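Once you've had a glance at the structure underneath, I'll fire off some questions.
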Amino acid sequence: MAVMNFGGVNENVVTREEFPLEKAREILKNEVIAIIGYGVQGPGQSMNLRDNGFNVIVGQRKDSKTWDKAVADGWVPGQTLFEIEEACQRATIIQYLLSDAAQIAVWPLVKKHLTAGKALYFSHGFAITYKERTNIIPPADVDVILVAPKGSGTSLRRMFLQGRGLNSSYAIFQDATGHAYERVVSLGIGVGSGYLFETTFQREVYSDLTGERGTLMGAIQGIFAAQYDVLRAHGHTPSEAFNETIEELTQSLMPLVAENGMDWMYANCSTTAQRGALDWWKPFRDAAKPVFEKLYAEVACGNEAQRSIDSNSQTDYRVKLEEELAAMRNSEMWQAGAVVRKLRPENN
Ligand SMILES: NC(=O)c1ccc[n+]([C@@H]2O[C@H](COP(=O)([O-])OP(=O)(O)OC[C@H]3O[C@@H](n4cnc5c(N)ncnc54)[C@H](O)[C@@H]3O)[C@@H](O)[C@H]2O)c1
Ligand SMILES: CC(C)(O)[C@@H](O)C(=O)O
Ligand SMILES: [Mg+2]
Ligand SMILES: [Mg+2]
């Protein structure tokens, strides 16, 4: 493990140079890794592990769309693809990648097969941190570890295929075998992480829930909608409002931020833009900060977790989520976006 200075604060990180894939393969050579669930993270993590040469099986409900997807992805029923219970029984490491709400429902079955020395792996601190709400309390004689890719499972797989890597955090909640560290880091490297940074289950879930409700997903849609609505209310056309709110950001400016930071993006815009943006980012920060404080408090007290458990435990939760996504997709802003995307020369 290396100690690296992040803007003046030292943190523990694990890099591929320091912990190469061959070392991870050697450490896990006698393990059977069962990926339970084949939704978004399941495919990315399982296929990356398989392509990296680990011994992987998948556990998924039969007669489901995702079982068929697993078959299409090359998992073979009876050899590398099993019902959830059989996969848990065969595994020495159980990667619990059902949705957070489904983990609660299926837990009694998984727990039955968590015999001494096995490892229970999560990609979220949710189940353990909110254990009073999830009732997921692992036996004391298993390792309980976490690798949380910081992005979608779709990106995890795509970046792996491009020879890149998505960063992940890792944590150990319980080290029963004395091998939890080498197990968790080997799995993190195996699933295709670019590098791994250290966290705890609680810090992972608090930051993750804040991030996705905040700048990564919730806040960004909110701020897009606010600016788009103001431009439209003042007579700007949909294409102008969409381009000035979103298309330019994703196509032109965010790649510059990703490449070399915010000041680099600013420096590649006009001095007129720089003057205004340097003045206006602070009022936006001040307006948003109380909302972020409220959000963090809701996460830390467990209200956000409970809301997610309650709604995503309903039998029709997928239909309801899809209805809300469709309303977003059908809004004028994103309908304008669909046309703008089609007009990108590379899409013609
Ligand atoms: N989606 C992501 O990219 C992402 C990123 C980082 C971490 N995570 C975490 O990874 C874990 C898995 O998330 P996901 O988004 O891949 O999950 P998901 O919502 O895609 O669901 C995964 C699987 O759960 C199965 N499932 C749902 N309800 C079930 C039930 N009652 N019984 C049996 N199976 C059921 C589905 O068939 C699916 O195969 C979660 O802890 C999540 O917070 C997800
Ligand atoms: C991909 C995200 C948003 O980072 C993840 O946290 C999730 O819950 O899907
Ligand atoms: Mg999340
Ligand atoms: Mg996340």
Side-chain angles (χ1 to χ4, degrees), residues 34-48 58-73 75 81-88 94-110 120-130 134 136 144-160 166-171 173 187-188 191-193 196-197 199 201 203-218 220 295 299 304-305 307-309 311-322 325:
I35 306 292
I36 305 302
Y38 208 72
V40 184
Q41 280 297 319
Q45 295 197 27
S46 61
M47 287 195 279
N48 289 359
V58 170
Q60 175 57 37
R61 281 183 299 192
K62 237 184 194 157
D63 302 322
S64 63
K65 272 196 211 147
T66 40
W67 173 279
D68 298 340
K69 175 172 162 38
V71 172
D73 286 343
W75 302 100
L81 176 60
F82 302 93
E83 287 275 8
I84 292 176
E85 177 149 22
E86 183 166 359
C88 289
I94 295 176
Q95 293 197 190
Y96 206 16
L97 299 182
L98 296 181
S99 68
D100 296 305
Q103 287 176 19
I104 298 171
V106 179
W107 174 243
L109 189 152
V110 171
L120 176 64
Y121 164 117
F122 294 93
S123 285
H124 204 11
F126 194 102
I128 296 292
T129 303
Y130 299 113
T134 64
I136 295 181
V144 181
I145 55 183
L146 169 145
V147 173
K150 293 293 117 188
S152 167
T154 306
S155 314
L156 183 74
R157 181 64 179 161
R158 284 186 188 170
M159 290 167 83
F160 175 85
L166 185 65
N167 305 323
S168 303
S169 58
Y170 75 92
F173 176 71
L187 290 164
V191 300
S193 306
L196 294 147
F197 64 93
T199 189
F201 276 62
R203 278 193 277 133
E204 194 284 330
V205 71
Y206 285 12
S207 58
D208 190 81
L209 293 179
T210 301
E212 67 204 16
R213 281 153 180 73
T215 59
L216 303 177
M217 296 169 69
I220 198 162
L295 163 60
V299 166
E304 275 300 310
R307 184 169 143 65
S308 166
I309 292 168
S311 54
N312 293 339
S313 298
Q314 318 238 326
T315 47
D316 61 347
Y317 77 100
R318 283 260 172 219
V319 177
K320 285 188 176 150
L321 288 172
E322 179 45 43
L325 295 185

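Note that the structure is predicted; figures quoted are calculated from it, not measured. Indexing begins at 1, ligand by ligand and atom by atom, following the structure's order.
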Is there a donor-acceptor contact under 3.5 Å linking the side chains of Asp100 and Tyr130?
no

Between the CZ atom in Arg213 and the CD atom in Glu304, the distance rounded to the nearest 0.5 Å is 4.5 Å

The closest protein heavy-atom partner of atom 19 (O) of ligand 1 is Arg318 NH2, 3.1 Å

OG of Ser308 to CZ of Phe126, rounded to nearest 0.5 Å, is 4.5 Å

Q. Counting N and O atoms only, with roles assigned by atom type, does the side chain of Ser168 sit under 3.5 Å from a partner on the main chain of Val147, one being a donor and the other an acceptor?
A. no

Heavy atoms of Tyr96 and Trp107 approach each other most closely as OH-N, 3.3 Å

Closest to atom 21 (O) of ligand 1 among protein heavy atoms sits Ser99 N, 3.5 Å

With rounding to 10 degrees, Asp208 OD2, the Mg ion (ligand 3) and Glu212 OE1 define an angle of 90°

Quick look: Val106 vs ligand 1, heavy-atom contacts under 4.0 Å, and the answer is side chain

For Gln60, the ligand 1 atoms with a heavy-atom partner under 4.0 Å come out as 37 (O), 39 (O)

Quiz item: If we only count N/O pairs under 3.5 Å, is Gly153 in contact with ligand 1?
Solution: yes

A student checking ligand 1 against His124 at a 4.0 Å heavy-atom cut-off should list atoms 41 (O), 43 (O)

With respect to Gln41, determine whether any N or O atom, backbone or side chain, lies less than 3.5 Å from an N or O atom of ligand 1.
yes

Ranked by distance from atom 26 (N) of ligand 1, the top protein heavy atom is Arg61 NH2, 3.5 Å

Closest to atom 28 (N) of ligand 1 among protein heavy atoms sits Ala102 CB, 3.2 Å

Ser46 and Tyr38 have their tightest heavy-atom pair at OG-CE1, 3.4 Å

Quiz item: Any luck finding a side-chain donor-acceptor pair between Thr199 and Ser169 under 3.5 Å?
Solution: no

| Would you say Pro149 contacts ligand 1, with heavy atoms under 4.0 Å as the rule? | yes

Check: Would you say Gln103 touches ligand 1, if touching means a heavy atom closer than 4.0 Å?
Finding: yes

Between the CZ atom in Phe122 and the CZ atom in Phe201, the distance rounded to the nearest 0.5 Å is 6.5 Å

Q) Among the heavy atoms of Phe126, does any lie under 4.0 Å from an atom of ligand 1? A) no

In this structure, atom 7 (C) of ligand 1 is nearest to the protein heavy atom Ser123 O, 3.4 Å

min-distance protein heavy atom vs atom 1 (N) of ligand 1 -> Val40 CB, 3.5 Å

Nearest non-hydrogen protein atom to atom 41 (O) of ligand 1, with distance, is Asp100 OD1, 2.7 Å

Looking only at protein heavy atoms, what sits closest to atom 25 (C) of ligand 1 is Leu98 CD2, 3.7 Å

When rounded to the nearest 0.5 Å, the distance separating CD of Gln103 from CG of Leu97 is 7.5 Å

The single option from Gln45, Glu204, Gln95 that satisfies side chain to side chain donor-acceptor pair (under 3.5 Å) with Ser123 is Gln45

Report yes or no: does Ala101 have a heavy atom closer than 4.0 Å to ligand 1?
no

Interatomic distance, CG@Leu156 vs CG@Asn167, rounded to 0.5 Å, equals 10.5 Å

Per-atom filter on ligand 1: closer than 4.0 angstrom to a heavy atom of Gly39 are 20 (O), 22 (C), 23 (C), 38 (C), 39 (O)

> Between Gln60 and Thr66, do the side chains contain an N or O donor and an N or O acceptor separated by less than 3.5 Å?
Replying inline: yes

